[in-house]
Amino acid sequence: MNFEFPLKELPAVMRGPRVERRRVLVGGSAYWGTIIEDGAEQGLLRLDDSRVVDPATVQHLPPVAPSKIIAVHISYSSRSFETRNQPKPTETPTYFTKPPTSINGHGCEILKPADSLYLNYEGEYAVVIGKTCRNVLPDEAWDYIEGFCPALDMGLQNYRDTDQGSMLRVKGADTLLPIGPGIVKGVNLFEQTLRTYRNGRVVQEAHIGDETIWGPHYVIADIARHITLLPGDVILMGTPCHSRSVDPGDVVECEITGLGRLTGTIVAIPAPRASALGVGHQPTDSPEVRRVAFGFDERVPARFKDNYVAAQKELKEKKT
């Protein structure tokens with residue numbers, strides 16, 4: 001049974017030709033379309049009604065409508081080294097869920113409430129389920145994948161003290177899962193590089209094949225032992241090292257070579273109205289919260305820290 005890397009045989013979903021499907025808003029209506037891969041119209045989007053549009057001129061909608069979103073805690077070796085100081089965080093994967101209402105689209109606004117100090121980025125790739133999946137073996141799991149998307153698994157870290165076990169508000173608040181621009185198949189995922197940008201500067205980078213601990217085939221087979229995965233469901237496959245907090249005005253992007261580049265802008269909003277009345281657990285700024293929000297700079301490449309600080313400085317100068 002093929003659990004490990006390199007894969008003995010490339011699964012069909014990662015064999016070419018490349019196909020990218022996007023969902024966009026044109027003239028007030030939602031349409032699916034396919035990116036044109038070659039010829040004079042390369043890079044344009046052919047809608048399913050045969051019209052051709054420039055994807056830079058239309059609003060992107062999330063390319064998924066999942067019944068559930070399941071996320072792996074840690075599945076990159078650099079993230080495990082940073083947080084656990086070891087190449088593998090646990091013997092087997094561990095998970096949390098995000099509500100479907102956290103979904104957001106390419107070019108979106110990511111909301112940061114006024115009472116939340118730390119909103120961290122996590123650049124990831126998402127696996128989109130293509131057909132009902134239950135009780136499968138790892139080698140069979142590839143056949144249930146529709147494709148892959150860049151994703152940003154954002155997190156309100158000030159709720160870690162109360163929600164660390166569930167991650168419900170930490171990772172589940174509205175707008176905290178930008179995904180897209182589209183769903184891609186026909187690309188060898190394990191030959192791609194993931195990069196996260198803060199205001200155009202690289203703050204995360206990982207070669208997916210080199211750093212993967214558990215592949216999506218293993219994760220899907222593990223989850224589907226007990227939970228039926230439905231078409232459109234999303235599996236988030238974790239982030240590499242150097243997840244850090246961002247501020248209103250920051251532009252955060254996740255680029256995965258071969259898949260595309262996803263963009264979101266951090267926007268400040270007031271604190272929830274009920275919070276002013278003392279309803280529920282209030283955001284905290286504890287040592288545990290800071291440990292996750294600030295990470296371990298001594299365990300990550302210096303260039304990530306330098307780029308992060310430079311991007312932060314540029315944002316402050318822009319505001320003044």
Side-chain angles (χ1 to χ4, degrees), residues 13 18-35 45-49 51 53 55 58-72 95-111 122-134 136 141-155 166-187 189 216 219-220 223-224 226-238 252-254 256 259-265:
V13 71
R18 181 185 189 274
V19 177
E20 179 178 357
R21 296 278 290 165
R22 298 190 184 187
R23 187 167 178 260
V24 298
L25 199 62
V26 179
S29 298
Y31 296 89
W32 280 97
T34 304
I35 292 291
L45 181 68
R46 179 175 286 114
L47 304 180
D48 287 353
D49 63 10
R51 286 181 293 166
V53 299
V58 295
Q59 180 183 343
H60 281 72
L61 301 172
V64 292
S67 72
K68 65 185 79 67
I69 302 160
I70 301 176
V72 184
Y95 308 101
F96 62 93
T97 63
K98 293 166 73 87
T101 46
S102 64
I103 288 280
N104 211 339
H106 170 58
C108 63
E109 293 184 344
I110 304 167
L111 304 182
E122 293 185 9
E124 310 195 7
Y125 73 87
V127 179
V128 182
I129 300 299
K131 58 184 180 180
T132 302
C133 179
R134 176 79 161 92
V136 299
W142 295 111
D143 295 333
Y144 294 83
I145 296 175
E146 178 69 22
F148 309 97
C149 310
L152 285 165
D153 183 17
M154 308 298 292
S166 69
M167 305 287 278
L168 180 61
R169 285 166 291 192
V170 177
K171 294 295 187 75
D174 293 353
T175 78
L176 294 193
L177 182 55
I179 189 168
I183 304 173
V184 178
K185 59 184 175 183
V187 171
L189 185 69
V219 167
I220 288 171
I223 294 169
H226 307 292
I227 298 172
T228 298
L229 298 171
L230 300 176
D233 283 353
V234 169
I235 311 294
L236 296 174
M237 288 299 302
V252 182
E253 299 170 284
C254 176
I256 301 176
L259 299 190
R261 187 159 174 158
L262 169 70
T263 299
T265 301

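Start at 1 with the first residue, then count along the sequence.
No side-chain heavy atom of Val24 sits less than 4.5 Å from a side-chain heavy atom of Pro55. Looking at heavy atoms from C-beta onward, Val127 lies in side-chain contact with Phe148 at the 4.5 angstrom threshold. Taking the side chain as every heavy atom from C-beta outward, Cys149 and Val128 approach each other to under 4.5 Å. Side-chain atoms of Val53 and Leu47, non-hydrogen and from C-beta on, do get closer than 4.5 Å to each other.
The main-chain N or O of Glu109 is found under 3.5 Å from a side-chain atom of Asn104 such that the two form a donor-acceptor pair. Between the side chain of Arg23 and the backbone N or O of Trp32 there is no donor-acceptor pair closer than 3.5 Å.
With Leu262 as the fixed residue, the side-chain contact (heavy atoms from CB on, under 4.5 Å) test singles out one of Glu124, His106, Glu253: His106. Under the side-chain contact (heavy atoms from CB on, under 4.5 Å) test applied with Ile69, the options Val234, Asp153, Val64, Ile235 reduce to a single match, Val234.
Taking NZ of Lys131 as the reference point, atom CG of Leu230 lies at 14.0 Å (rounded to 0.5 Å). For the atom pair CG (Asp143) and CD1 (Ile220), the distance works out to 10.5 Å, reported to the nearest 0.5 Å. In this structure, Ile183 CD1 and Leu259 CG are separated by 11.5 Å, a value rounded to the nearest 0.5 Å. With rounding to the nearest 0.5 angstrom, the CG atom of Leu176 is 7.0 Å from the CE atom of Met154. Separating the CD1 atom in Ile129 from the CD1 atom in Ile145 is a distance of 6.0 Å, to the nearest 0.5 Å. With rounding to the nearest 0.5 Å, the separation of SG in Cys133 from CG in Leu229 is 5.0 Å.
The minimum heavy-atom distance linking Tyr144 with Thr132 is given by the pair CE2-O, 3.2 Å. Residues Arg21 and Asp48 approach most closely at NH1-OD1, 2.7 Å, considering heavy atoms. Pairing each heavy atom of Ala151 with each of Leu236, the nearest pair is CB-CD2, 4.0 Å. The heavy-atom pair separating Val72 from Phe96 by the smallest distance is O-CE2, 4.3 Å. Minimum interatomic distance between Pro63 and Ile179 (heavy atoms only, all atoms of both residues): CD-O, 3.5 Å. In terms of heavy atoms, Pro150 sits closest to Gly260 at CG-O, 3.6 Å.
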Test log, rule side chain to side chain contact (heavy atoms under 4.5 Å, CB included), inputs Arg51 and Val26: CA-CA 11 Å; Arg51 286 181 293 166; Val26 179; 4.0 Å; yes

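A salt bridge links Lys171 to Glu122: one of the charged nitrogens lies within less than 4.0 Å of a carboxylate oxygen.
Heavy atoms from other residues, nucleotides or ligands lying under 6.0 Å from CZ of Arg46 number 12 at most.
Under the salt bridge (charged side-chain N to carboxylate O under 4.0 Å, His left out) criterion, Asp233 pairs with Lys68, sequence neighbours left out.
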